[in-house]
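Beneath this line is the structure, given in structure tokens, with notes to follow.
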Amino acid sequence: QVQLVESGGGLVQAGGSLRLSCAASGSIFNIAFMGWYRQAPGKQRELVAQITSGSSINYADSVKGRFTISRDNAKSTVYLQMNSLQPEDTAVYYCNVNAVSYTIEGYFANDYWGQGTQVTVSS
């Protein structure tokens, strides 16, 4: 199994910055991609940014030029640097990891989710 621990959310004024972190641990054999999703009240969960093991990156159009995703493979950690935050960025942010884990029964690929961290941007 794989566990994800998120940190870095909080309250910030419009124009401010926050940095989210998500560390994966457990019986990890390989991590294919890591990413961040968010869900605002009354809205569906949406992809914010994703980075593959080969460092290919995909951003939602709404965050391009403001958010930067990165990963530290040695630490199995993904980061999301969020600059120029706006009230519409207010949401619960979830870390998502697609990883292959191992047990005595073999290797298994799964999607894993963090517990979510609240980001609130005041106007």
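What you see below is based on every heavy atom in this structure, not just the backbone, and it leaves out hydrogens, waters and symmetry mates.
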TODO: Please lay out, stage by stage, how V97 and F33 fare under the test side chain to side chain contact (heavy atoms under 4.5 Å, CB included).
DONE: CA-CA 6 Å; V97 170; F33 56 82; over 6 Å; no

Do [X] and [Y] get their side chains close enough for a donor-acceptor pair, meaning under 3.5 Å?
X    : Y    : value
Y93  : R38  : yes
T120 : Q118 : yes
D72  : T77  : no

TODO: List the steps and the verdict of side chain to side chain contact (heavy atoms under 4.5 Å, CB included) for N83 and T68.
DONE: CA-CA 8 Å; N83 298 328; T68 302; 5.6 Å; no

Rounded at 0.5 Å granularity, tell me how far [atom1] in [X] sits from [atom2] in [Y].
X    : Y    : atom1 : atom2 : result
Q50  : N96  : CD    : CG    : 7.0 Å
S17  : F67  : OG    : CZ    : 9.5 Å
L4   : Q115 : CG    : CD    : 8.5 Å
S53  : N98  : OG    : CG    : 10.0 Å
Q1   : Y102 : CD    : OH    : 12.5 Å
Y107 : S27  : OH    : OG    : 10.5 Å

With a 3.5 Å distance limit and no angle check, can you tell me whether [X] reaches the backbone of [Y] through a side-chain donor-acceptor pair?
X   : Y    : result
T90 : V121 : yes
R66 : Q81  : no
Q86 : S84  : yes
E6  : G116 : yes

Kindly give the heavy-atom pair with the smallest separation between [X] and [Y], and that separation in Å.
X   : Y   : result
P87 : A14 : CD-CB, 4.2 Å
S76 : I28 : OG-CD1, 4.5 Å
A99 : I31 : CB-CG1, 4.0 Å
V78 : C95 : CG1-SG, 3.9 Å
A40 : A91 : N-CB, 3.8 Å

Check whether [X] and [Y] end up in the same hydrophobic cluster, where Ile, Leu, Val, Met, Phe, Trp and Tyr are linked by side-chain heavy atoms less than 4.5 Å apart.
X   : Y    : answer
Y79 : V12  : no
V2  : V100 : no
L11 : M82  : no
V63 : V92  : no
M34 : I57  : yes

- [ ] Answer yes or no: does atom CZ of F108 have more than 12 heavy-atom neighbours from other residues, nucleotides or ligands under 6.0 Å?
- [x]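 Count over threshold, so yes.
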
- [ ] May I have the step-by-step check of side chain to side chain contact (heavy atoms under 4.5 Å, CB included) for V48 and Y59, ending in yes or no?
- [x] CA-CA 6 Å; V48 176; Y59 291 106; over 6 Å; no

Task: Pair Y37 + Y94: ring centers closer than 6.0 Å - done: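 That pair fails the under 6.0 Å test.
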
